[in-house]
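Reminder, nothing fancy here: chain letters follow the sequence lines and each chain counts from 1.
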Amino acid sequence: MTNLFELAANNLISPIILSFALGLFGAMARSDLSIPEAVAKGMSIYLLFAIGFKGGASVSAHGIDATLIAAVVAGLVLSFGIPFIAFAALRIMTGLDRTDAAAVAAHYGSISIVTFVAATSVLESQGIGTEGYMVAVAAVMEAPAILSALWLVARGGSKGGGMDSALLREIMLNGSIVLLVGAFAIGALTGEKGLAEIAPFIVTPFKGVLCLFLLDMGLIAGRGLQQARGLIRFNLVAFGIAMPLVGAAIGMALGALAGLNLGGVVLMMVLAASASYIAVPAAMRVALPQANPAIYLTLSLGVTFPFNLTLGIPLYLAAAQLMIGAN
Amino acid sequence: MTNLFELAANNLISPIILSFALGLFGAMARSDLSIPEAVAKGMSIYLLFAIGFKGGASVSAHGIDATLIAAVVAGLVLSFGIPFIAFAALRIMTGLDRTDAAAVAAHYGSISIVTFVAATSVLESQGIGTEGYMVAVAAVMEAPAILSALWLVARGGSKGGGMDSALLREIMLNGSIVLLVGAFAIGALTGEKGLAEIAPFIVTPFKGVLCLFLLDMGLIAGRGLQQARGLIRFNLVAFGIAMPLVGAAIGMALGALAGLNLGGVVLMMVLAASASYIAVPAAMRVALPQANPAIYLTLSLGVTFPFNLTLGIPLYLAAAQLMIGAN
Amino acid sequence: MTNLFELAANNLISPIILSFALGLFGAMARSDLSIPEAVAKGMSIYLLFAIGFKGGASVSAHGIDATLIAAVVAGLVLSFGIPFIAFAALRIMTGLDRTDAAAVAAHYGSISIVTFVAATSVLESQGIGTEGYMVAVAAVMEAPAILSALWLVARGGSKGGGMDSALLREIMLNGSIVLLVGAFAIGALTGEKGLAEIAPFIVTPFKGVLCLFLLDMGLIAGRGLQQARGLIRFNLVAFGIAMPLVGAAIGMALGALAGLNLGGVVLMMVLAASASYIAVPAAMRVALPQANPAIYLTLSLGVTFPFNLTLGIPLYLAAAQLMIGAN
Amino acid sequence: MEMHDAKRVSIVIEAPLESRLTDALTKAGVTGYTIMPVIGGSGRSGQWTRDGQVGRSGMVNVVCLIKPERLDGLLKAAFAVVEPHIGVVSVTDAQVLRAERF
Amino acid sequence: MEMHDAKRVSIVIEAPLESRLTDALTKAGVTGYTIMPVIGGSGRSGQWTRDGQVGRSGMVNVVCLIKPERLDGLLKAAFAVVEPHIGVVSVTDAQVLRAERF
Amino acid sequence: MEMHDAKRVSIVIEAPLESRLTDALTKAGVTGYTIMPVIGGSGRSGQWTRDGQVGRSGMVNVVCLIKPERLDGLLKAAFAVVEPHIGVVSVTDAQVLRAERF
Ligand SMILES: Nc1ncnc2c1ncn2[C@@H]1O[C@H](COP(=O)(O)O)[C@@H](O)[C@H]1O
Ligand SMILES: Nc1ncnc2c1ncn2[C@@H]1O[C@H](COP(=O)(O)O)[C@@H](O)[C@H]1O
Ligand SMILES: Nc1ncnc2c1ncn2[C@@H]1O[C@H](COP(=O)(O)O)[C@@H](O)[C@H]1O
Ligand code: NA
Ligand code: NA
Ligand code: NA
C-alpha cells in the first residue's frame with residue numbers, strides 16, 4: 001500500500017495537477033486570470049484530435065484484438081446503466097427532486113475525456129500499456145447516459161424531458177464525438193506512418209497543452225464553486241466522491257470481464273468514475289431546462305473532477321493492480 | 001502510370017487529406033463541430049509565417065539563382081492572364097453573367113496558399129526539392145488577378161467594378177501578403193541560423209497544424225456546399241475541375257520556360273491551378289458587390305480546392321515528371 | 001567596444017527583432033494584418049507560464065542562493081523608487097501635468113516581461129547563465145510602482161488618485177502576476193523532472209512563439225504611434241530613451257550590490273529599464289482616469305520598448321561586462 | 001432619407017437553443033436575423049461569463065428587425081422556444097432604410 | 001403576447017471598470033444585466049480596436065432591462081461609476097415579455 | 001438625471017466595408033461610434049456564421065449615437081456606402097447622459 005501513497009504523492013506534484021490547483025487558487029482568490037474562450041476551445045480541439053489520433057494509430061499498430069467488441073459493449077452498458085444507480089443514490093442520499101437527480105445522473109453515466117487523458121498519462125509514466133481502442137470506448141460512452149436520464153424523467157411523468165429527433169442527432173453528432181471518432185479513424189487509417197508525420201504536434205507537446213487546459217479547468221471549477229456556495233451541501237459532496245468509487249468498482253468488474261489488460265481496466269474504471277462537463281450540460285439545457293445547472297456543473301466539475309484527478313486515478317490503479325495483478 | 005495511382009492513393013490517405021475529409025463529413029452530417037474564428041485565424045497566421053520564413057531561409061541558403069526573376073515574371077503573367085481564360089470559359093460553358101463570371105475569374109487567377117503548402121509537403125515526402133523563392137512567386141500572384149477581373153467588368157460597361165486607390169492599397173497590403181513577404185524577408189535575412197532558432201516552432205509541428213487547419217477548411221467548404229445546393233449546377237462544377245487543369249498546363253509551360261526544376265514547376269502548376277478563397281473574396285465584396293459570393297466561394301473552396309488537394313497535386317506531379325523528367 | 005556593435009548587430013537581425021519590425025512596418029503601411037485578441041492573449045499566457053515554470057525549475061535545480069532575498073529587496077526598491085525619479089524628470093523635461101507625469105512614472109517603475117524574456121534569450125545565446133529567481137523579482141516589481149504613482153498624485157492634492165482595497169487586490173492578484181508566480185511555484189515544486197515532461201511545449205518552441213508575439217507587439221506599437229502623432233513631442237521621446245538608461249544604471253548598482261552574477265545584473269538592469277504596457281495601463285484607467293492613455297502607452301510601448309529591444313539590451317550587457325567583468 | 005416603421009426584437013437565449021430559435025423564427029416567416037455574441041451576464045440564475053468555457057454554454061443575442069404587423073407572430077414563435085428556458089425578450093420601436101427587405 | 005413597458009439602458013464603459021459598474025448596478029437593485037463585447041470604436045479620446053490586445057483594454061457594453069420606475073436609481077448608480085471615465089450611457093424605451101423577471 | 005434626446009443608428013454591414021463606413025461617418029461629422037461583433041445571421045443572401053472563418057468575412061455592427069438633427073446627414077453618408085451592398089440600417093429613439101459629447 002506504500003505503493004499507493006507514493007503514486008498519489010507523485011501524481012499530486014505533477015505539473016498537470018498543480019496547474020489545475022493554480023487555476024483553482026486563482027479563481028478562489030478572485031484574480032482576473034482567465035483564458036480566452038477561443039483558446040480554451042482550441043485546446044480542447046487539439047486534445048480531442050491528439051487523443052483520438054493516437055488511439056487509432058495504436059489500434060492500427062497492435063491490431064484489433066478480440067476484446068474490442070466486448071469493451072465497447074461494456075462501455076455502453078456502463079453509460080446506460082450508471083445513471084440508474086446515480087439516480088437512486090441521489091434520491092436516497094440527497095434532497096434533489098426527480099429532474100435535478102436525473103440531470104446529475106446523466107453526467108455521471110457519461111464521461112470526462114480530460115480525466116481519461118490524465119489517467120493515460122499516469123499509466124504511461126508507470127510504463128503501463130493501454131489498448132488504443134479505449135478511445136473508441138470513451139466516445140461511445142458520451143451519449144447513452146443522456147437517454148437513460150431522460151427516460152427516468154419521462155417515467156416520473158414530469159413534463160419537459162423532451163427528446164426529439166433533432167436533439168438525438170445533436171447528441172450523437174456532437175462536435176467532440178465527431179472529432180474524437182474522426183481522429184481515431186484517421187489514426188487507424190494512416191497508422192504509424194501518419195503518426196510519425198504529426199507526432200511533433202500531437203505527441204511531444206501534448207502534456208504541456210494539457211497543463212494549460214487544466215489551468216483553465218481549475219479556473220472554471222473554482223468560479224463555479226464560488227457561485228454555488230450554499231447550494232452544495234454535505235450530502236451532495238458525499239455523492240460526488242462516493243459515486244466515482246461505485247462507478248470505478250463496476251467499471252473494474254466489466255473491464256476485467258471484457259478481458260482488458262491492466263491499463264485498459266484502469267481506463268474503464270476512470271471512464272465509469274468520471275462525469276461529463278461539456279457535452280451533457282448543453283444537452284440538459286435543451287432537454288431538461290428545469291434542472292439547475294449550478295448543481296450538476298458543480299458536482300461534476302467542482303467535486304468529482306478534482307477528486308478523480310488527484311486521488312481517484314492512483315486509487316483505481318492501485319485497486320486494479322491488487323485485483324488483477326501487475327499486468 | 002502506376003506511379004500516379006500509387007501517389008494519388010498515398011496522398012489520399014495522408015492525415016492532411018483525411019482531416020479535410022473529416023471536416024467535410026462533419027459539416028455534411030450537420031455536426032456542431034467548429035473551430036473558433038480566432039483559432040482559425042491564428043493557424044493561418046502561423047502557416048503564412050512558417051511558409052514565408054522557410055522560403056526565405058532556403059533562398060538565403062541556396063542563393064538567388066538566375067531563374068528567380070523569370071519565375072516572378074511568369075507568376076505575374078499567370079495571375080494577370082488566367083482570369084481572361086477563366087472568364088471566357090465561364091461565359092461559354094456556364095450561364096453566369098459578366099459580373100459573376102469576372103468575380104469567379106479573379107479567384108482562379110489568384111492562388112490558394114494552403115494548396116501550395118500541401119503540394120510542398122507532398123513534394124517533400126517524395127524527396128523532391130523546390131526553390132525557396134516560389135513563396136515569393138505565390139505572394140506576387142495574389143493580387144494581379146483582381147485587377148484583370150475589374151478591367152473585364154469595366155470594359156463591359158457595367159457600373160460597380162469600382163477600383164479606387166484605397167482598394168488598391170488594401171489589396172497590395174493585404175494582411176496575408178504582408179505576412180508572407182515579411183516572413184520571407186526575415187527568413188532571408190536571418191538564414192539558416194534564424195531557422196535553427198525557431199525550427200521547433202515553424203518546422204517540426206507544421207504538418208500537425210496543417211491537419212487542424214484543413215479540418216477547418218473542410219468544415220467551411222462543407223457548410224458552403226450545403227448552403228449552395230441548387231446553385232451549383234453541373235456546368236459550374238465542370239468548370240471548377242477543368243479550369244485547374246488548364247491553369248496547371250499553362251503553369252507547367254511557363255514554369256519550364258522560366259527554367260525551374262521539377263519541384264518548382266509543380267509548384268508553379270499548383271499556383272496556377274489553385275483558386276483564392278481568402279483575399280479575393282473580401283476584395284470582391286468591396287469592388288463587385290453585385291457578384292454572388294455563394295458562387296465564387298463554392299467553386300473555389302468547395303470544388304477546386306478539394307480537387308487539387310486530392311487528385312490535382314499527384315496529377316500535376318506525374319505530368320511534370322513525364323514532361324520534364326525526374327529532376 | 002567592437003563587441004558591443006557586433007552584439008547589437010547580431011541582436012538586430014534576430015528573428016525576434018525582425019518580427020517586431022515587421023509588425024511596426026505593417027501598422028505604419030496601414031496593412032490590415034492583425035492577430036486576433038484571443039490568440040494574442042493565448043500567446044501571452046503561454047509566455048508567462050513558460051518563463052515562470054523555467055525560472056522555478058532552475059531554482060529547484062540550483063537551489064535558492066543567499067542573494068535571493070537581496071535581489072527581491074532590490075527589485076522592490078527599484079519599483080517603488082523609480083517612479084519618483086521618472087516623475088521628477090518628466091516635470092522638469094516635459095510639460096506633462098502632475099497626473100499624466102505620475103501615470104507615466106508608474107509605467108517605468110513597473111516592468112515589461114517581454115523585454116525580460118528577450119534579454120534572457122540574448123543572454124542564453126551568449127552562453128551567459130542567469131539566476132532562475134529573477135522571474136520572481138520580475139513579479140514583485142510589477143505592482144509597487146503603481147502605489148508610488150498614486151501617492152505622488154495624492155500628495156499633489158488632486159482628486160482622483162483613487163486607491164481602494166478593491167483596486168489593491170486587483171493589482172496584486174492581477175492575472176499576469178498570479179500566472180507568473182504560480183508557474184514559478186509549479187516549476188520549483190516539480191523541478192527538472194516536471195520541466196522534462198513539458199519541455200517540448202514550453203522550451204523548444206518558445207522562441208518561435210515569441211516571434212509571433214513580437215509581431216503583434218509591433219502591430220500594436222505601430223498603430224499606437226500613428227494614433228499619437230503630434231502628441232509625442234521631442235521631449236517626451238527623449239524621456240522615453242533617457243529614462244531606461246537611468247533605470248538601467250540604478251539597476252546595475254543594486255544588482256551588483258545584491259551579489260547577482262553577470263546575467264542576473266543584466267536582467268535587473270532590464271527590469272529597471274523597461275516599462276509596463278499591460279498591467280499598469282489597466283490600473284491607471286481605474287485609478288487615474290484623467291491621465292491620457294495615449295501618452296503613457298505610446299511612451300512605454302512605442303518608444304521605450306523598441307529602444308530596449310534593439311539597442312538597450314546589448315548596451316546593458318556591454319556595460320555590465322565592462323563594470324563587473326565577464327562572468 | 002425615407003424611413004419605415006419597424007420593430008427591433010432582441011432575444012437573449014441560451015446558446016444550445018440558438019438553432020431551435022432561429023428555425024422557429026424562420027418558420028414564422030422572419031426574413032432575416034442577426035446573431036450577436038454575449039460575453040457574460042447576471043440574472044436570477046446567477047452570474048456567468050464566457051471566459052475559458054469549452055462547451056456550448058452561455059447565451060447569445062438574436063436580433064430581428066420586422067414589420068410591426070408581424071410582431072405578434074414572431075413573439076409567439078419565439079416564446080414557444082424561450083418559455084421553459086432562461087432568457088430575455090425585448091422589443092423596441094425602430095425605423096429602417098430599405099423596408100422592402102423585411 | 002402581453003408586453004410590459006421597460007427601459008433598456010446601454011452603458012459602454014472601459015473594460016477595467018466592468019466589475020465596478022456591475023457591482024454598483026447590483027447594489028442599486030438591478031436584477032439582471034447582459035454584457036456584450038465591443039471590438040472597436042472612436043470618440044473624443046481617439047480610435048481603438050481590440051485586435052491583438054493583450055491586457056484588459058478597450059470597452060464593453062453593459063445592457064440592462066429594467067422597469068421604468070427604477071431608471072433613475074440605476075442611472076445615478078451607473079453615473080457615479082462612469083462619471084470620471086470615458087464611456088457612453090444611453091436609454092431606449094422597450095417592451096419586455098415576462099415582466100415578473102425585471 | 002438629466003437626459004437628452006438622441007438617435008441610435010445601428011448599421012450592420014459587411015466587414016470588408018467597415019473602414020469605408022466609419023470614414024464616411026467621420027466625414028459626415030459624426031463624433032463617435034462603437035463597433036460590435038456579429039457572429040452570424042441570415043437574410044436574403046443566405047445564412048452565415050463566423051465560425052472557423054479565416055478571411056475578413058461576415059458582418060459587423062456599427063452603432064452611433066447622435067443628436068436628432070444630425071440624423072439625416074448621417075443616414076445619407078451611411079447609405080452612400082451601404083447602398084450597393086447587403087446590410088441593414090435601423091434607427092431608434094434614445095436618450096443620453098452627457099449630451100455635450102455627441
Ligand atoms: N434585466 C436584465 N437585463 C438584461 N439582461 C438580463 C436581465 N435579466 C437577465 N438577463 C440576461 O439573461 C440571462 C438569464 O437571466 P435569468 O433567467 O434571470 O438568470 C442573464 O444571465 C443575463 O444575461
Ligand atoms: N456618439 C457615439 N456613439 C456611439 N459610441 C460612442 C460615441 N461616442 C463615443 N462612443 C464610444 O465610447 C468610446 C469612448 O468615447 P470618448 O469618451 O468620446 O472617447 C468610443 O471609443 C466609442 O466606443
Ligand atoms: N430582418 C433582419 N433583422 C436583423 N438582421 C437582418 C435582417 N435581415 C438581414 N439581416 C442581417 O443582414 C445580413 C445581410 O442581409 P441580407 O442582405 O438580407 O442577406 C444578414 O446576414 C443578417 O445578419
Ligand atoms: Na462516467
Ligand atoms: Na490560380
Ligand atoms: Na522598470
Original post:
Which value, rounded to the nearest 0.5 Å, describes the distance between A:N10 atom CG and C:T190 atom OG1?
Top reply: 11.5 Å

**OP:** Take atom CZ of A:F25 as the centre, draw a 6.0 Å sphere, and report whether it contains more than 12 heavy atoms from other residues, nucleotides or ligands.
**Re:** no

**OP:** State, to 0.1 Å, how close A:L212 and C:Y46 come at their nearest heavy-atom pair, and which atoms those are.
**Re:** CD1-CA, 4.4 Å

Subject >> Spacing of CD1 belonging to A:I17 relative to CG belonging to C:L189, to within rounding of 0.5 Å >> reply: 13.0 Å

Original post:
How about C:E197 and A:P15: do any of their side-chain heavy atoms sit closer than 4.5 Å?
Top reply: yes

Original post:
Got a second to check how far A:I13's CD1 is from C:K193's NZ, nearest 0.5 Å?
Top reply: 6.5 Å

Original post:
Could you state the interatomic distance from CD1 (C:I45) to CG (A:D216), rounded to the nearest 0.5 Å?
Top reply: 8.5 Å

Subject >> More than 12 heavy atoms from other groups under 6.0 Å of CD1 on C:I64 >> reply: no

Subject >> Heavy-atom neighbours of C:I69 CD1 exceed 12 at 6.0 Å >> reply: no

Subject >> SG-CD1 distance between A:C211 and C:I186, expressed to the nearest 0.5 angstrom >> reply: 7.0 Å

Original post:
So which heavy atom on A:P205 is nearest to which on C:P200, and how close?
Top reply: CB-O, 4.0 Å

Subject >> Contacting moiety of C:A185, where chain A heavy atoms sit under 4.5 Å >> reply: neither

Subject >> Interface moiety of A:I35 toward chain C, non-hydrogen atoms closer than 4.5 Å >> reply: both

Original post:
Relative to chain C, which segment of A:S19 carries a heavy atom at a distance below 4.5 Å: side chain, backbone, both, or neither?
Top reply: both

Subject >> Region of A:T204 in contact with chain C, defined by heavy-atom distances below 4.5 Å >> reply: both

Subject >> Engaged part of A:L210 at the chain C interface, taking heavy atoms whose separation is under 4.5 Å >> reply: neither

**OP:** Taking all heavy atoms of C:K41 and all of A:P36, pick out the closest pair and write down the distance.
**Re:** CB-CG, 3.6 Å

Original post:
Taking every heavy-atom pair that is under 4.5 Å apart, which of C:I202, C:V39, C:L179 has the most such pairs with chain A?
Top reply: C:L179

Subject >> Exam field: side chain A:D32 to backbone C:N174, donor-acceptor pair closer than 3.5 Å >> reply: no

Subject >> Approximate separation, where rounding is to 0.5 Å, of C:M172 CE and A:S31 OG >> reply: 12.5 Å

